[in-house]
Amino acid sequence: MLRTLTAGVALGASLWATTASAQDPIRTIHLLSRPQAAQPSEFQAIQLIAQEWRKLGLDVEVDVMPWSQMADVVWYNRNDWDATAWQMTGRPERSDPDEIIFNLFHSSTAESGYNFIGYNNPEYDKIVEEQRVTVDPEARKALVIKAQEILAADQPNMMLVHPQQAFAFDNTVFDPETVVDQSGIGIRSYWTWLSLAPTGDQKDIIVNSSDNVIAVNPLYISGVTDNWLTELIYDRLFRVGPDGLPQPWAAASHEWRDETTIAVTLRDDMMWHDGEPVTVEDVVFSYEATTGGEAPMYAPFGSNITGIETEGDDTIVFTLGTPSASFLTSSLAKINLIPKHIWEPILADLGTKDENAESYQEDMPIGSGAYKFVRWLPNEEIVLEANADHFNAPKAERFILRLVPNAEAALGMLRSGEINFLTDFQGDPQVLLDAAEEDGDLSVVSTVDIGFRYVAFNMRRPPFDDPAFRRALSAAVDRRLIVNAAFKKFAVASNSVVSPALEFWHADAVVDGFEAGSDVAKSILEEAGYGGVGEKLTYPEGVSETLAD
């Protein structure tokens with residue numbers, strides 16, 4: 001028997017192939033994780049998962065590496081890893097499920113987009129394409145539920161938890177009434193950074209991150225920390241509001257002229273940080289940059305746009321290829337506006353090279369957003385200052401991000417006043433609550449996240465190309481163990497990419513009906529023909545793997 005590798009695999013010299021043979025042992029599986037000091041919950045979860053996988057008869061090695069290295073290995077070397085801890089951040093525009101269920105798993109995004117695992121299921125593709133053009137909410141909900149059911153059956157990812165994010169701030173520095181708890185995001189939100197009002201002499205918002213900043217680039221989607229910065233520096237036509245719904249931002253208004261044509265009127269009071277006015281030509285340029293190949297990661301969010309025209313000095317008209325139920329959220333609230341006079345020569349130069357806009361880093365990023373870029377000290381801090389001329393100018397004077405890789409150190413800095421808003425705490429949330437009670441000047445707010453933690457399987461490499469193998473690995477781990485031991489009960493168990501925070505779209509049945517345990521996993525493997533279950537796991541008879549030249 002020959003097993004065919006999943007369709008959509010990118011060809012390369014290091015690809016794995018399968019050949020007929022006797023029952024051969026499965027090679028050592030390498031499972032990637034970030035360091036314990038930076039991500040203790042992730043690290044602990046991965047140790048527990050590796051332990052349960054070993055009970056199935058697998059040889060598992062945990063490879064620990066910093067985020068920047070992991071991101072490079074997984075994203076840009078898509079043939080060369082087995083499985084990795086990963087997370088999807090609860091960004092506001094993900095309050096509509098389209099970005100998650102389409103971009104993470106549609107086959108069209110496998111080569112260079114979000115579908116870095118190489119998942120390809122034609123039935124799934126059809127479902128998520130259909131939900132995009134289904135305007136009726138109930139009919140679309142049924143399709144989104146069906147997509148979750150297919151993913152639960154295929155297990156392209158091993159879903160772990162939706163974290164219950166705990167954030168804290170110094171209530172003697174900021175007015176608690178000005179903190180915004182955004183639906184599915186929490187108080188670490190864009191709206192908080194704009195409305196947060198200092199009450200005394202300290203006028204700066206000083207936050208922390210355990211992950212280093214990879215880039216401050218409006219055409220590159222990287223880690224959660226980078227996203228905080230680009231959200232503040234660059235405006236978008238729409239923003240997802242605290243209630244989870246899209247609202248005009250750089251757009252003064254909008255009008256659907258028919259189901260595939262929308263006219264957006266640009267505000268007339270916007271300036272780039274270098275003093276140049278924001279024009280409709282800048283908006284057109286920003287969207288064409290995402291559809292012209294210069295920014296592959298943003299391409300899916302503009303792929304349905306078939307035409308962009310201007311009317312006068314203030315109106316942009318978008319023509320869509322098909323009706324889009326999520327266009328305001330997934331495109332107009334997603335794509336950053338960039339200055340044409342700066343980026344046009346940059347993109348022209350990159351066009352002569354073997355690279356795209358994702359690899360470019362400006363010395364002084366220029367946007368039109370509520371904060372301006374000031375300086376970046378690598379591995380230390382990034383400083384932004386309030387844009388007093390912005391139409392929604394922040395109450396604080398500066399936004400300072402400090403890189404603190406250790407969770408205990410971050411809490412210590414909060415208690416000492418070196419930071420005043422704890423935006424990234426990967427330690428035991430109970431420790432944070434205890435510190436708040438002891439100190440009296442700290443407020444803690446926790447929220448179930450839109451985002452999620454999971455283990456990604458590389459379906460470009462056997463044995464992960466076999467759905468039965470993936471189902472077994474996923475079933476081997478009781479998610480209650482991950483919730484209680486790794487996340488200290490500050491998370492909810494997951495078997496779906498759609499968070500329970502998105503109550504309307506969430507498929508309860510795929511979570512409630514999930515059966516886990518070592519016996520369940522072993523039974524799946526035995527039924528699929530694997531040998532040596534519980535001892536030294538081997539491929540089904542006649543299946544093996546060899547390196548393809």
Side-chain angles (χ1 to χ4, degrees), residues 14 26-89 116-117 157-161 163 165 208-215 222-226 378-380 402-412 423-429 431 451-461 463-464 470 473-474 476-477 479 481-488 490-491 494 537:
S14 62
I26 293 176
R27 60 184 165 77
T28 298
I29 300 299
H30 289 265
L31 179 56
L32 310 184
S33 172
R34 287 175 288 184
Q36 182 174 14
Q39 294 285 333
S41 295
E42 174 182 298
F43 181 85
Q44 179 66 22
I46 291 303
Q47 297 299 323
L48 293 170
I49 290 167
Q51 173 182 293
E52 296 304 310
W53 287 1
R54 292 181 185 118
K55 293 178 183 179
L56 304 179
L58 283 171
D59 181 14
V60 182
E61 289 188 8
V62 176
D63 297 336
V64 178
M65 58 187 65
W67 167 243
S68 56
Q69 182 183 355
M70 180 191 288
D72 183 70
V73 168
V74 172
W75 196 267
Y76 293 108
N77 297 277
R78 299 192 172 197
N79 299 324
D80 300 331
W81 53 275
D82 288 327
T84 182
W86 207 256
Q87 70 183 79
M88 289 299 291
T89 305
F116 59 87
I117 58 177
N157 291 330
M158 177 182 174
M159 295 297 299
L160 299 178
V161 300
Q165 298 279 16
N208 71 299
S209 174
S210 60
D211 285 331
N212 213 337
V213 174
I214 297 175
S222 50
V224 54
T225 306
D226 303 23
N379 304 311
E380 294 184 30
R402 290 186 172 152
L403 285 305
V404 187
N406 184 281
E408 292 182 3
L411 179 55
T423 49
D424 184 5
F425 184 68
Q426 301 299 329
D428 185 347
V431 172
F452 48 89
R453 300 296 187 96
Y454 65 104
V455 173
F457 298 134
N458 191 348
M459 279 166 280
R460 294 174 172 84
R461 294 163 64 93
F464 299 101
R470 300 194 302 267
L473 263 58
S474 185
V477 183
R479 301 307 191 269
L481 179 66
I482 303 299
V483 169
N484 295 334
F487 287 85
K488 312 301 182 185
F490 277 77
S494 176
L537 197 63

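Scanning both residues, D80 and R461, for their nearest heavy atoms gives CA-NH1, 3.6 Å. Closest of all the heavy-atom pairs between L411 and F425 is CB-CE1, 3.9 Å. Closest non-hydrogen pair, R54 versus V60, comes out as NH2-O, 2.9 Å. Here the closest non-hydrogen pair linking A456 and N157 is CA-OD1, 3.6 Å. Nearest heavy atom pair, residue R453 against residue P163, reads CG-CG, 3.9 Å.
Distance CZ/F464 to CG/D82: 5.0 Å, rounded to 0.5 Å. The line from CH2 of W81 to NE2 of H30 is 14.0 Å long, rounded to the nearest 0.5 Å. The line from CH2 of W53 to CG of D59 is 12.5 Å long, rounded to the nearest 0.5 Å. The distance from atom OH of Y454 to atom CE of M88, rounded to the nearest 0.5 Å, is 6.0 Å. Remark: I117 CD1 to R470 CZ distance equals 8.0 Å, nearest 0.5 Å. With rounding to the nearest 0.5 Å, the separation of OG in S33 from CD in Q47 is 7.0 Å.
A donor-acceptor pair shorter than 3.5 Å cannot be found between the side chains of D211 and T225.
Panel note: side chain N458, backbone R460; a donor-acceptor pair is recorded below 3.5 Å. A donor-acceptor contact shorter than 3.5 Å is absent between the side chain of N406 and the backbone of A37. For the pair T423 (side chain) and N208 (backbone), a donor-acceptor distance under 3.5 Å is present.
Considering R479, Q87, E42 as possible partners of L160, the one that fulfils the side-chain contact (heavy atoms from CB on, under 4.5 Å) test is R479.
The side-chain heavy atoms of N212 and N379, taken from C-beta on, include a pair separated by under 4.5 Å.
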